[in-house]
Every structure is written in C-alpha cells, then in structure tokens.
Amino acid sequence: MLTTMLAGALLIDSDRRKMADEVKLYAVAGSPFVCRAKIALNIKGIKYENFEEDMSNRSAELLKFNPVYKKVPVLVHNGNPISESQLIVEYIDEVWKGVPILPQDPYEKAVARFWAKFIDDKCIPAIFKAFGPDGNEQSDAEAIEQLQILENELKVKGTKFFGGENINLVDIAADFIAYWLGIIQEAAEKTLVTNDKFPKITVWADDFVNLELVNQVLPPREHLLAFFKKRFGKA
C-alpha cells in the first residue's frame, strides 16, 4: 500500500515538473527580437516548442497571449504569457538557474539594463531611419553617433563581450547590430559600420555571431538579404 502511494506521489510530482517546464515561443524566424528569446533559452538549455506566426494573419493564440501589442515574441511558460523581448530574457534568467544572463551585482545589473534600453531606444531606431526612405546625411550621422557610443563602451570595458568574457543581456539586445545590420548594409549598398571606424564592434559582432548557441538560432542570411533588398535596396 505504501509503495503504491509513493509511486503515485512520484508520478504526480513528475507530471507537475513536466507542466512547469512547458515552454512555448510564438515567433517569426527573421526577427532579431525573437532571436533574443531563443538565445536566452539556449543559454539555459531550455527545450521549447516554437510556433511560427504569420504576422499578416495572426493566430488566435498570439492575439490571446499578447492582446495589447499583438506581436512576437511571446513566451508562454506553464500557460502564463510574457511579452517584449528584453522582459522575456530577464524572465528566463530569473526562472531557470545555471549560466547567468544578467549580472548578480545590483549596480552592474542596472548598468546592463541601461545599455540594453539604449540599444532599443536609440541605436536601432537611428539605424532604421538612416536606411529608410527618408535617410540622408544627417540621419547617417545620427546612427553613427549612437554606434560610436557603443564602440566607446566596448573600448572602455576592454572585454570580448559587453558581458565580459561571456555574453549577457546587452550582447543579446545588440544581436540586430551584430547580424542584421551587415545584411541591411549589403542590401542597401550603404555602409555605416566599417573595420576602420568601428574596430571593437566589428570584432565583437564576429565573436558573437560565431558562438554556437547564437549561430544555431540565426535566420539564414540569404533569406534576410532578399527581404531587405526589397525593403531597402535601390530601385
């Protein structure tokens, strides 16, 4: 009788653990914001189910889980949805232990959040403006100015990554600069980042992209190039 009860308890506990580890990601393959979530999941070694979305015909599940912004990525853990890529990365870091993504020191953690927010609020918008239909010398200069701030931060740190010898929240937030920006430059036939102007960013980008846990979730380069040629290429 006791053996049967113990077996039943173990089965229930096992089922609970499986439920607690149920992880789903609503995604679009070409999105750098989705890749942030995938990189974080890879760092922690978390298995997840990927649901590819058609953003012109969003699924009922996506609209249910992210009714406010109606966009990807959305991480669903044990039925609970989390939206916004940086929040997802931080959630993953808090829930699953192991290799840390954010610094443990409160001050260093705040600094990492500052730079990640800087990338989203300043760098990425400036880059898109420079390559967009209204791009001009002024918008190019603005994008270069923001990238120079990142270049200087890497120079001051003197480390391989923003996170030191290992990537952290800031590196993950900058995945667009590491991979997507070079493809956009080729598609638009306009170069803002060169080895001479940005030696630190150039080396950092190569090191970041060549990490196995990063490289295995990046979308195929040829697909992105074709997409951006239609968007940014010269007529």
Side-chain angles (χ1 to χ4, degrees), residues 20 23 25 31-46 48 68-69 71 73-75 77-78 80-128 142-181 192-193 197-215 217-218:
V23 181
L25 184 66
S31 167
F33 304 104
V34 167
C35 275
R36 291 175 177 179
K38 291 183 175 181
I39 292 167
L41 288 165
N42 269 5
I43 289 173
K44 299 292 185 175
I46 305 302
Y48 62 95
V68 177
Y69 293 111
K71 64 182 182 180
V74 176
L75 182 81
H77 179 215
N78 195 22
N80 296 317
I82 304 96
S83 303
E84 298 300 298
S85 61
Q86 289 198 30
L87 295 179
I88 289 171
V89 172
E90 290 206 32
Y91 177 85
I92 290 168
D93 194 39
E94 288 183 15
V95 172
W96 288 282
K97 305 307 176 185
V99 180
I101 296 174
L102 273 81
Q104 302 303 297
D105 177 76
Y107 174 74
E108 293 299 329
K109 185 179 293 185
V111 170
R113 285 171 172 157
F114 169 86
W115 285 110
K117 192 173 190 303
F118 169 78
I119 289 165
D120 273 0
D121 291 353
K122 294 290 187 179
C123 290
I124 294 177
I127 290 167
F128 271 108
E142 290 173 358
I144 289 171
E145 181 183 358
Q146 305 307 322
L147 289 166
Q148 186 63 54
I149 293 172
L150 280 183
E151 174 78 10
N152 293 344
E153 175 64 9
L154 275 172
K155 189 181 297 184
V156 168
K157 289 185 73 67
T159 54
K160 187 174 184 179
F161 300 108
F162 288 100
E165 293 308 304
N166 299 301
I167 64 173
N168 74 353
L169 175 69
V170 184
D171 299 281
I172 296 171
D175 67 346
F176 171 82
I177 296 169
Y179 187 65
W180 277 259
L181 177 54
L192 298 182
V193 175
K197 289 182 181 178
F198 297 101
K200 296 294 184 181
I201 286 179
T202 302
V203 172
W204 162 83
D206 287 341
D207 288 339
F208 179 78
V209 168
N210 286 322
L211 287 173
E212 185 177 357
L213 61 84
V214 172
N215 188 266
V217 301
L218 294 174

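Please read these numbers as outputs of a predicted model, since none were measured by experiment. Residue numbers count from 1 along this sequence.
Listed here is the closest heavy atom pair of A174 and I119: CB-CD1, 3.7 Å. The shortest non-hydrogen separation linking E94 to K97 is O-NZ, 3.0 Å. Closest approach of I88 to P73, counting heavy atoms only: CD1-O, 3.6 Å. Scanning all heavy atoms of the two residues, the minimum distance from L181 to I177 falls at CB-O, 3.6 Å. Taking both residues in full, the closest heavy atoms of F198 and V193 are given as CD1-CA, 3.8 Å, listed atom of the first, atom of the second, then distance. Of all heavy-atom pairs between C35 and D175, the closest is CB-OD2, 3.6 Å.
A heavy-atom distance below 4.5 Å is found between the side chains of I43 and I167. Side-chain contact between E151 and Q148 is present, with heavy atoms from C-beta onward closer than 4.5 Å.
Once rounded to the nearest 0.5 Å, the distance linking CG of N166 with CD1 of I101 reads 11.5 Å. How far CG of L75 is from CD1 of I82: 5.0 Å, rounded to the nearest 0.5 Å. In this structure, CG in L169 is found 13.0 Å from CD in E108, a value given to the nearest 0.5 Å. Separating the CD1 atom in I92 from the CG atom in L25 is a distance of 8.0 Å, to the nearest 0.5 Å. Here the straight-line distance linking atom CD of E153 with atom OG1 of T159 works out to 8.5 Å at 0.5 Å rounding. In this structure, the separation between OH on Y179 and CG on D206 is 12.5 Å, given to the nearest 0.5 Å.
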* Report the C-alpha separation of D120 and F33 in whole Å, then their side-chain angles, then the decisive distance to 0.1 Å, and conclude whether the side chain to side chain contact (heavy atoms under 4.5 Å, CB included) test is met. => CA-CA 10 Å; D120 273 0; F33 304 104; 4.1 Å; yes
* Residues L150, C123; criterion side chain to side chain contact (heavy atoms under 4.5 Å, CB included); working and verdict -> CA-CA 9 Å; L150 280 183; C123 290; 3.8 Å; yes
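Relative orientation of the F118 and W115 rings is perpendicular, given thresholds of 30° and 60° on the angle between their planes. Aromatic ring pairs are classed by plane angle as parallel below 30°, tilted from 30° to 60° and perpendicular above 60°; the pair H77 and Y91 is perpendicular.
Annotation: F176 is in aromatic contact with F128 [ring centroid separation under 6.0 Å].
The main-chain N or O of F162 is found under 3.5 Å from a side-chain atom of K157 such that the two form a donor-acceptor pair. In this structure a side-chain-to-backbone donor-acceptor pair under 3.5 Å is present from Q86 to A116. Put simply, the side chain of K200 never gets that close to the backbone of L154: no donor and acceptor are under 3.5 Å apart. Although no hydrogens or angles enter the test, the distance criterion places a donor-acceptor pair under 3.5 Å between the side chain of K44 and the main chain of V99. D171 contributes a side-chain N or O that, together with a main-chain N or O of N168, makes up a donor-acceptor pair within less than 3.5 Å. With hydrogens and angles ignored, the 3.5 Å screen pairs a side-chain donor or acceptor of D93 with a backbone N or O of L102.
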